[in-house]
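Chain identifiers are assigned alphabetically (A, B, ...) following the order of the sequence lines, protein sequences preceding nucleic acid strands; residue numbering begins at 1 within each chain. Quick caveat, the model's predicted, so the values are computed rather than measured.
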Amino acid sequence: METAGTTQNNKDQEAGLFLASFIEFNTKERVENMPELPEVENVRNGLKQLIVGKRITGARVLWPNIIKDPSVTEFKQRIEGQEIKDIRRRGKFLLFVLSRDVLISHLRMEGKYRLEGPEVPLTKHTHVIFELDSKEELRYLDVRKFGKMSLVEKADLDEHPSMRSLGPEPTDDTLETIYLIKALKKTERPVKACLLDQKIVAGIGNIYADEILYDAYIHPERKGKELNEDEIKRLRDSIISIMNRAVEKGGTTIRTYANAYGAEGSYQECLAVYGRTEEVCPRCQHTIRKIKVGQRGTHYCPQCQKAGRE
DNA sequence: CAAGAGGCCTGTTAGC
DNA sequence: TGCTAACAGGCCTCTT
């Protein structure tokens with residue numbers, strides 16, 4: 001793992017953009033930042049100020065598996081010369097709107113972008129480099145190499161496999177109660193798994209799924225079909241309010257490198273259960289527990305979130 | 001069709 | 001102490 005203070009390149013990191021993040025809660029539990037919707041939104045805002053209007057003069061791909069489609073050769077050829085017109089977001093996907101194409105970028109667990117001068121040495125986790133006409137480089141770093149990029153024509157964006165099956169954004173305008181009732185009422189899956197399913201709602205990851213269920217007083221293992229309409233209504237409200245609040249706070253970042261735009265988030269101060277295993281529930285003083293639900297680490301309060309009714 | 005398993009990766013950690 | 005093996009995690013692909 002990288003550390004913030006290693007003297008030599010510390011200055012460089014602070015000078016460039018490092019919308020990044022490692023989360024360190026306490027000595028018991030350390031979790032790396034997995035960018036969910038609020039974190040991606042934060043990255044989007046930072047990048048927007050820094051690179052919109054600049055032109056990509058070339059691309060270097062050091063780890064080919066990051067590029068999902070088209071082929072690496074075509075990817076590099078096509079992106080060259082295109083101007084960055086806008087940066088958008090859909091779910092957890094970052095969308096670089098270019099002159100002709102859209103670059104779809106998913107950070108997965110640890111992907112991050114840095115804007116640096118070419119003289120700044122590459123780290124071993126740098127996998128893709130976009131050279132800009134401003135003489136800077138937009139660099140993609142990813143310790144796990146899990147992130148993916150696709151380049152598609154604008155007209156084909158909605159039909160791209162990554163976009164096509166995404167559910168609605170978790171906002172008041174787009175996530176309807178009726179829709180959520182329909183989606184949950186027909187499934188045996190635990191509600192936690194449903195929240196993580198991007199086809200049902202886009203943008204929720206492991207941190208906010210736990211926070212949402214806590215906020216809604218719903219046990220993560222309850223099956224979708226056994227939730228009543230009032231509970232699903234409550235769940236919908238929690239989805240929207242938690243995600244809105246997290247976006248306002250700039251997402252969750254426990255420890256971050258400084259950057260010129262102060263893009264680190266502060267939602268970690270609001271986390272009630274995530275990363276707080278064996279701590280005291282802020283509502284009822286019961287002990288927060290960690291279990292596994294659908295292969296995922298899950299934090300909840302056994303007192304506030306009963307497995308039975310409520 | 002829905003749902004679960006496997007694969008992608010590597011730093012960290014549990015277990016010997 | 002030093003080593004290996006298991007694990008985490010989001011999404012896609014394959015299988016059932």
Side-chain angles (χ1 to χ4, degrees), chain A residues 1-4 6 20-41 43 61-70 72 89-95 104-112 123-128 140-150 152 159-167 170 182-212 220-226 243 251-255 274-275 277 290-299:
Chain A
M1 147 169 148
E2 299 175 64
T3 48
T6 43
S21 16
F22 289 91
I23 304 185
E24 195 157 353
F25 290 107
N26 53 46
T27 48
K28 272 182 285 183
E29 188 166 12
R30 193 176 77 260
V31 184
E32 289 145 353
N33 193 7
M34 306 152 264
E36 304 181 31
L37 185 155
E39 291 73 31
V40 178
E41 183 65 17
V43 171
V61 177
L62 280 41
W63 189 262
N65 284 357
I66 301 284
I67 311 300
K68 198 166 80 169
D69 55 87
V72 173
R89 181 194 57 73
R90 176 78 172 93
K92 304 177 197 172
F93 291 89
L94 206 48
L95 306 174
I104 305 173
S105 170
H106 198 299
L107 308 173
R108 295 289 176 95
M109 266 90 81
E110 299 186 45
K112 51 200 72 126
T123 80
K124 63 171 177 173
H125 300 309
T126 306
H127 306 309
V128 182
Y140 178 75
L141 291 80
D142 191 339
V143 172
R144 292 281 188 280
K145 300 177 177 172
F146 261 29
K148 294 285 176 232
M149 294 182 193
S150 296
V152 293
E159 288 312 307
H160 189 272
S162 298
M163 298 289 113
R164 203 176 43 210
S165 53
L166 283 181
K182 273 188 190 158
L184 295 182
K185 275 293 182 188
K186 65 178 183 192
T187 182
E188 296 267 353
R189 300 165 74 198
V191 60
K192 161 95 186 238
C194 298
L195 289 182
L196 293 176
D197 185 343
Q198 303 298 300
K199 293 196 277 297
I200 298 178
V201 184
I204 302 171
N206 208 37
I207 296 176
Y208 297 112
D210 287 359
E211 294 299 312
I212 288 163
E221 286 180 306
R222 293 187 59 200
K223 293 175 180 178
K225 65 191 311 185
E226 60 182 54
M243 297 307 269
T252 301
T253 318
I254 301 299
R255 183 153 58 90
Y274 188 85
T277 315
K290 184 172 183 180
I291 57 173
K292 269 224 155 61
V293 181
Q295 346 271 25
R296 299 287 145 74
T298 300
H299 312 72

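Remark: C1' of C:dC11 and NZ of A:Lys68 are 8 Å apart, rounded to the nearest angstrom. For the pair A:Trp63 CH2 and B:dC8 C1', the computed distance is 10 Å after rounding to whole Å. A straight line from CE of A:Met163 to P of C:dC11 spans 10 Å, rounded to a whole angstrom. Atom pair A:Ile200:CD1 and C:dG10:P shows a separation of 15 Å (rounding to whole Å applied). Nucleotide C:dA8 holds its C1' atom 14 Å from the CG atom of A:Asp210, rounded to whole Å. Straight-line distance from the NZ atom of A:Lys92 to the P atom of C:dG9: 12 Å, rounded to whole Å. Distance CZ (A:Arg164) to C1' (C:dC12): 12 Å, rounded to an integer number of Å. One interatomic measurement links the two molecules: CG of A:Asp69 to P of C:dC12, which rounds to 11 Å at whole-angstrom precision.
Tested against A:Lys92 for a side chain to side chain contact (heavy atoms under 4.5 Å, CB included), the candidates A:Arg108, A:His106, A:Glu39, A:Glu41 yield a single pass: A:His106.
No engagement by A:Lys148 is indicated, since no non-hydrogen atom pair under 4.0 Å with the nucleic acid exists. In this structure, A:Gly297 reaches the sugar-phosphate backbone alone: every heavy-atom distance under 4.0 Å involves primed, P, OP1 or OP2 atoms, never a base. Among the protein residues, A:Arg296 comes within range of the nucleic acid bases, having at least one heavy atom under 4.0 Å from a base atom. Note on A:Asn206: only backbone sugar-phosphate atoms sit closer than 4.0 angstrom, heavy atoms only; bases stay farther off.
Residue A:Thr187 places at least one side-chain N or O under 4.0 Å from the OP1 or OP2 atom of B:dA3. Remark: A:His106 is not in phosphate contact with C:dG10, judged by side-chain N or O atoms under 4.0 Å from OP1 or OP2. Between A:Ser162 and C:dC12 there is a side-chain N or O to OP1 or OP2 distance below 4.0 Å. Phosphate contact (OP1/OP2 of B:dG11, side-chain N/O of A:Lys124, threshold under 4.0 Å): present.
Using a distance-only test at 3.5 Å, with no hydrogens or angles considered, a donor-acceptor pair links the side chain of A:Asn206 to the main chain of A:Gly297.
The local environment of NZ in A:Lys182 is sparse, with at most 12 non-hydrogen atoms from other residues, nucleotides or ligands closer than 6.0 Å.
Here the side chain of A:Gln198 is nearest to one of C:dC11, C:dG9, B:dA2, namely C:dC11. Side-chain proximity of A:Lys186 to C:dG9, B:dA2, C:dC11: nearest is B:dA2. Which of C:dC11, B:dC9, B:dG11 sits closest to the side chain of A:Val143 comes down to B:dG11. The nucleotide whose nearest atom lies closest to any side-chain atom of A:Phe146 is, among B:dC8, B:dG4, C:dC12, B:dC8.
Judged purely by distance below 3.5 Å, without hydrogens or angles, the side chains of A:Lys199 and A:Ser165 never pair a donor atom with an acceptor atom. For the residue pair A:Asn65 / A:His127, no side-chain donor-acceptor distance below 3.5 Å is found, with atom types taken as modelled.
Heavy-atom nearest nucleotides on DNA chain B were determined for A:Lys199 and for A:Gln295, and the one closer to the 5' end corresponds to A:Lys199.
In this structure, the side chains of A:Ile291 and A:Glu221 come closer than 4.5 Å at one or more pairs of heavy atoms.
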